Structure formats: C-alpha cells, structure tokens
Amino acid sequence: MKVVTRFAPSPTGFLHIGGVRTALFNWLFAQKNGGIYKLRVEDTDLKRSTQESIKKIYSGLEWLGLKGNDEPILQSRNIPRHIEVVKKLLSEGKAYKCYCTQEELVKMRSSSRAAGRTRLYDRRWRDKEPDTEIEENITPSIRIKMPIEGKTMISDLIQGDVTVTNDNLDDFVILRPDGTPTYMLAVVVDDHDMDITHVIRGDDHLNNAFRQYHLFDACGWDIPYFAHMPLIHGNDGAKLSKRHGALGIDFYQDLGILPQAMQNYLLRLGWSHGDDEIISMEQAVSWFDLESVGRAPSRFDMEKLNNLNAYYIKENTDEFLVDLIIPRIECLLSKTLNNCMKKRLLLGMPSLKQRAKNINILAESALFYCQELPLGFNDKAAKFVNKGTIKNVKSLGKLLKKLDIWEVSELETSTKEFAISNEIKLGEIAQPLRVALTGSSVSPGIFDIMHALGRDETLSRINDFGNQ
RNA sequence: GUCCCCUUCGUCUAGUGGCCUAGGACAACGGCCUCUCACGCCGUAAACACGGGUUCGAGUCCCGUAGGGGACGCCA
C-alpha cells in the first residue's frame, strides 16, 4: 500500500502552531513510509474563507518545508463531485431529505440536551415524505442515515481502539438547502478521491471520525486509517486561543525563530524518541512513528522554543545569519548598509551568535557595528564615562595605534599590559572601552569587537569617546 | 448535561510488571569560567492525581473517584 497523507487546513484565520504540527506529522509519516503528502485547502465555507488566509497558509508551510510537492487542492473546486455523491446516496436510500426549519432544530436540540442525550436530531424525516403544502414549500437539506443500533469501533493509530454506541450518532446534514455540501461530506469524498490512506489530525476530530466512518461505508469505500493527535494548549493549560500563543506561524517567523528550531520544537511536543532532544529533520524522517505520539495534550512553552532557537542560531553559518539580520538592521537604522559594515557583521558574528535567542535580538545586538559616530549611549553606559575613564581609554588608544598586527590575541595582550602598567584591573579599562566602542555596557568581548570593527573604526571610536 | 479522550518534576517527556531509592531536556537556583552580558561546564531542588484491587512484586495491568481537555452546527 502506498501511503498518502494530507494536511487540510481551513483558510478562515491564521495558520497556528497546532495546525503546523499536524502538517509536520503528516509530512513526516509520509516521508518515513515512502509515501506522498498532500495539501488540501478546505475553503467550502465561502463566507469565512479568505484569499489572504490561503496565502498565509502557503507561506507558513513553505517556510517550514511542509507545502508538499503537488499543487495544493482547493476543496471548493470539487463541489460538483460532492453533490454527485449526495445524489447517489439519496437514490440508494442511504440519505434522505429533511424538511426541518431552523426553529424546529433549535427546539429539538435544547430538549434533547435537557433529556441528557448526545444525539440531538430526532430523525423525524428519516422515513417520511412531506405531506402538507407548507412542508412541500421548504427546500430540504439532505441527511445521511446513521446506523441506529450497535456500536462502532475505530482502531485509531494514536488513541487505540475507541468505541461509541451508534445511538449517539446523529443523522447529520451532508447537503444544505442551498445545494452546498457540508464539511463532513466533503472531507470523506475528497479523502477518498485523493487516495488518502492515513488521516492524521487533531483529536478535536475524533468524534467526527465515527460519522465519517459510516459515510465512507455508505459510499462503499475503504475506510482510511485514523490517527488523532492531542491538541496543543496554551501556557495556562486552557485551549490555545488568541490570548496566549495561538498566533499565526508568521508571528514566530517575524520574531526570528529559525525553521529548524520550530520543526524540532513541534516534533518533540507530543512525540519522543527516548531522551533525544536535538533532532534534525533527516533523523526525524527515519525515526518517526505514530506509536510514539503521546495521548495527553501538551502545553506550548516559548522558553523551550527559545532555547532550541538559540541552539540552531549557534549551529548556522555566519554568512547565513548575516544575510538574515541585514534587512532587519536596515529597517531599524533606516539606511542601507555598506560593504564595510557587512564585513564587520561577518567578522563579529561568531561572538554575536553566542548571545541571541532569536534573529531579532541578534540584529539588535549587532546594531553597533553599523552605527556611525557619534555613538549615543544609554544610562547604564553613561556611568562609565568620566574624566578618568576617558583619559584611560584614550591612552590605551595611543598604545593600540602602534600595533602592527590587528588580531584578537595582540589586542588582548596589549590591553592587559596596559592595565598592569597603569595598576588598574582589566575591568576598569574594559568597561569604559566597551562603552566607547559600542555605546553600551553589554556586548560581546571587547577584543572580538575591536577585531571586527577594524583598526581605523576602533581608533575613531576611541578618539570620539567623551566628545558627546 | 451527554459522549469521547487524557493524568510522571513548573513545562516537554523517558518508562510497555522486577534494570526506578523514577532518567533526560527547558525553566529555576547555586558554583566554575570571566572585560560586561551571554555561551560552555559542574551541581541543587523538583513528579508517578487519589482510592481500591490483581500480583511474590505496579509509574507500568484492572475498577472507581477527582481533575483537565475535546466534541455535541445547514463551521471546518
């Protein structure tokens, strides 16, 4: 059997973390089994689906390499086919017309609920034809006949065997009075037509699986394997909502989270391979399995994502990171960077990247390499500016000016010798120098900075120290 | 309310009846390193929801209770 999985988001909002993880697991499962992963946009809710949403889904998935190889399928294109299936079901007596009004349904639901039933529709039109003129003038919806007796069991690949008594299953609507198919019908038809073998999705769909099971059956089609993965919750344990973390995936992209970090984080959220934490996509493909997906919901933890991101920042090449921060710096400084500045960034990157947990912070911490004199400084830095420190920094400058070789070790040796001969601690010259060089009291090591900045710029900055 | 699912450190998790005086990771705390901040390294604290069984033996199996989540649309 050729494995075929799919990710089927609805374009009615943003693509959030939970959706991305579902996509990731589908992709991984397909890769692992030498199968195919498909993307289907469920845009049948014409009122709520937006073009912008579709675009965001595409760009978010693309960012993480989860867009799939085939052209995405738009569910709305298949509506004629959905209707055809409904007609067939109707002609075979497996579905029927329901002439209920909205008011009737509302009443029915509240009374059923009051009576403590899960099934809310009373099947009143299951074996009935309209017999009054008023009823005949109502355009009916089409409902599917669910079995009345017995039980249904689904052998879910994550949840295990789950059984429900059929009396709890509603005869749900498959075609609206306006002739549009409902989600429940469209999913089943499309999953069949797309040859989907494994339906991997959030467990908010677990209940739907029973309904879909019988719809597949009524159509005479094979039932795919189901795998329902637990949902991701917010930091407070409640459902992921806009209030806490259910932001669009583009938010994390803008923040400067690396795709590798996001993939690794999401992979480990709900899935594990022993004690392994750092897992490349390549390894994930060979290790991934549905058996190791946990059954309990998990909470989204920004701290852990940050930690992973910091790790992958350190892993990436300096060139790659410089390319990422250039546009951000240009935006912050409202100017175009020249080659000299870009060169400083590249030289400074090894020490810069040890300190950043996301690309935005990395860009901010690199700002001083691209600023021109005079450098302003903040309150904390200002504490290191006084007559004594200015004098010290300037005399160090004179000493450094004589250096033939402008390398980290030479700079360090000279500076340390300067401290010794002036009978001060290294820190007493290092901090003021840092301020002179960066305008800040916090930065990478000063020798790395002087090296990256280059002789001329270093000496200019020292020379300018105290002139502000 | 009804149906379904879940329950190991604060968080993500390892654990498939004896290897568990419960392991790892993030976060927290302490230390080392040190020119600041980080990184790195070392260490500390921190959990089997509760109650019954089954068994020579239970985090692991069964039942119940409590708590949490999801679903109950002519939304997807």
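Chain naming here is simple, since letters A, B, ... match the order of the sequence lines and numbering starts at 1 in each. Heavy atoms only: backbone and side chains are in, while hydrogens, waters and symmetry mates are out. Note that the structure is a prediction, hence the values are computed from the model and not measured.
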Indicate yes or no: at least one non-hydrogen side-chain atom of A/Phe384 is less than 4.5 angstrom from one of A/Ser441.
-> yes

Toward the 5' end of RNA chain B, which comes first, A/Pro297 or A/Leu120, by nearest nucleotide?
-> A/Pro297

Given atom CG of A/Leu267 and atom C1' of B/rA25, what is their separation to the nearest angstrom?
-> 14 Å

Could you tell me whether A/Arg124 and A/Asp122 make a salt bridge, using a distance below 4.0 angstrom between a side-chain N and a carboxylate O?
-> yes

Is A/Glu103 paired with A/Lys107 through a side-chain N to carboxylate O contact shorter than 4.0 Å?
-> no

Got a sec: does the NZ of A/Lys398 have more than 12 other heavy atoms crowding it under 6.0 Å?
-> no

Which nucleotide in the list B/rC5, B/rU36, B/rG70 gets nearest to the side chain of A/Asn207?
-> B/rG70

Under 6.0 Å from the NZ atom of A/Lys97, do we count more than 12 heavy atoms belonging to anything else shown?
-> no

Strictly below 4.0 Å, heavy-atom distances to any atom of RNA chain B: list the hits from residues 96-116 of chain A, or just say none.
-> A/Cys100, A/Gln102, A/Leu105, A/Arg109, A/Arg113, A/Gly116

How long is the line joining CD1 of A/Ile257 and C1' of B/rC26, in whole Å?
-> 14 Å

May I ask you to say what A/Pro9 touches in the nucleic acid, namely base, sugar-phosphate or nothing, with a heavy-atom cut-off under 4.0 Å?
-> nothing

Contact under 4.0 Å: A/Arg119 side-chain N or O vs B/rC72 OP1/OP2 | no

Pick the C1' atom in B/rG53 and in B/rU13, then give their distance to the nearest Å.
-> 29 Å

Determine the contact category for A/Gly274: base if any of its heavy atoms lies under 4.0 Å from a base atom, sugar-phosphate if only primed atoms, P, OP1 or OP2 are that close, otherwise nothing.
-> sugar-phosphate

Between B/rA47 and B/rU60, how far apart are the C1' atoms? Round to whole Å, please.
-> 15 Å

Heavy-atom closest pair, residues A/Ala218 and A/Leu89 | O-CD1, 3.8 Å

Output the single nucleotide from B/rC4, B/rC74, B/rC35 whose closest atom is nearest the side chain of A/Pro177.
-> B/rC74

Return no unless some side-chain N or O of A/Asn307 is found under 4.0 Å from OP1 or OP2 of B/rA25.
-> no

Close side-chain approach of A/Ser141 and A/Tyr99, heavy atoms under 4.5 Å | no

With nearest nucleotides of RNA chain B determined for A/Arg117 and A/Glu277 from heavy-atom distances, which residue corresponds to the more 5′ nucleotide?
-> A/Arg117

Nucleotide paired to B/rU11 in any strand shown, Watson-Crick or G-U, under 3.5 Å = B/rA25

Considering only B/rC4, B/rG24, B/rC74, which nucleotide approaches the side chain of A/Val162 most closely?
-> B/rC4

Mind checking who B/rC61 pairs with, Watson-Crick or G-U wobble, both distances under 3.5 Å?
-> B/rG53

Check every strand shown and say whether A/Ser272 touches a base, only sugar-phosphate, or nothing at a heavy-atom separation below 4.0 Å.
-> sugar-phosphate

Span that lies between the C1' atom of B/rG10 and that of B/rA45, in whole angstrom | 12 Å

Between B/rC6, B/rA76, B/rC12, spot the one nearest the side chain of A/Asn208, thanks.
-> B/rA76

Min side-chain heavy-atom separation A/Phe300-A/Leu305 under 4.5 Å = yes

For A/Phe172, report the nucleic acid contact type (base, sugar-phosphate, nothing); a contact means any heavy atom under 4.0 Å.
-> nothing

Tell me which nucleotide among B/rA76, B/rU36, B/rC4 gets nearest to the side chain of A/Thr182.
-> B/rA76

Distance check: side-chain N/O of A/Arg295 vs OP1/OP2 of B/rC6, anything under 4.0 Å?
-> yes

B/rC26, B/rA76, B/rC74: which one has an atom nearest the side-chain heavy atoms of A/Val173?
-> B/rC74

Distance between the C1' atoms of B/rC48 and B/rA58, in whole angstroms?
-> 11 Å

Is the shortest side-chain N to carboxylate O distance from A/Glu315 to A/Lys353 below 4.0 Å?
-> no

For A/Ile446, report the nucleic acid contact type (base, sugar-phosphate, nothing); a contact means any heavy atom under 4.0 Å.
-> base

Taking the same atom, C1', in B/rU8 and in B/rC20, what whole-Å distance lies between them?
-> 12 Å

Letter by letter from the 5' end, nucleotides 41-51 of chain B scores (B base, S sugar-phosphate only, - none; protein heavy atoms under 4.0 Å) -----------

Mind checking who B/rA76 pairs with, Watson-Crick or G-U wobble, both distances under 3.5 Å?
-> none

Does atom NZ of A/Lys38 have more than 12 heavy-atom neighbours from other groups under 6.0 Å away?
-> yes

Contact class for A/His228 (heavy atom, under 4.0 Å): base, sugar-phosphate, or nothing?
-> nothing

So does A/Ser298 get a side-chain nitrogen or oxygen closer than 4.0 Å to the phosphate oxygens (OP1/OP2) of B/rU11?
-> no

Contact class for A/Thr44 (heavy atom, under 4.0 Å): base, sugar-phosphate, or nothing?
-> sugar-phosphate

With both distances under 3.5 Å as the test, what is the Watson-Crick or G-U wobble partner of B/rA71?
-> B/rU2

If you measure from the Lys or Arg side-chain nitrogens to the Asp or Glu carboxylate oxygens, is any gap between A/Asp170 and A/Arg143 under 4.0 Å?
-> no

Assigned partner base of B/rC33, Watson-Crick or wobble definition, under 3.5 Å | none

Integer angstrom distance from the C1' of B/rA28 to that of B/rU36 | 23 Å

Using atom P of each nucleotide, how far apart are B/rA49 and B/rG59 to the nearest Å?
-> 10 Å

A/Arg344 meets the salt bridge (charged side-chain N to carboxylate O under 4.0 Å, His left out) criterion, sequence neighbours left out, with A/Glu457

Of the candidate nucleotides B/rC37, B/rC35, B/rU11, which contains the atom at the shortest distance from the side chain of A/Lys416?
-> B/rC35

Using a cut-off of 4.0 Å on non-hydrogen atoms, how would the nucleic acid contact of A/Lys314 be classed: base, sugar-phosphate, or nothing?
-> sugar-phosphate

Protein-nucleotide distance (A/Met146, atom CE; B/rC3, atom C1'), rounded to Å = 16 Å

Salt bridge A/Glu52-A/Lys55, side-chain N to carboxylate O under 4.0 Å = no

NA contact type, A/Ser49, heavy-atom cut-off 4.0 Å: base, sugar-phosphate, or nothing?
-> nothing

Do any side-chain nitrogens or oxygens of A/Ser351 fall under 4.0 Å of OP1 or OP2 in B/rC39?
-> no

When you check the phosphate oxygens OP1 and OP2 of B/rC72, does a side-chain N or O of A/Thr118 lie under 4.0 Å from one of them?
-> no

Euclidean distance, atom CD of residue A/Glu291 to atom P of B/rA14 [Å, nearest integer] | 13 Å

Roughly how far apart, to the nearest Å, are B/rG30 and B/rU11 at atom P?
-> 22 Å

According to the Watson-Crick and G-U wobble definitions, with both distances under 3.5 Å, which nucleotide is paired to B/rC20?
-> none

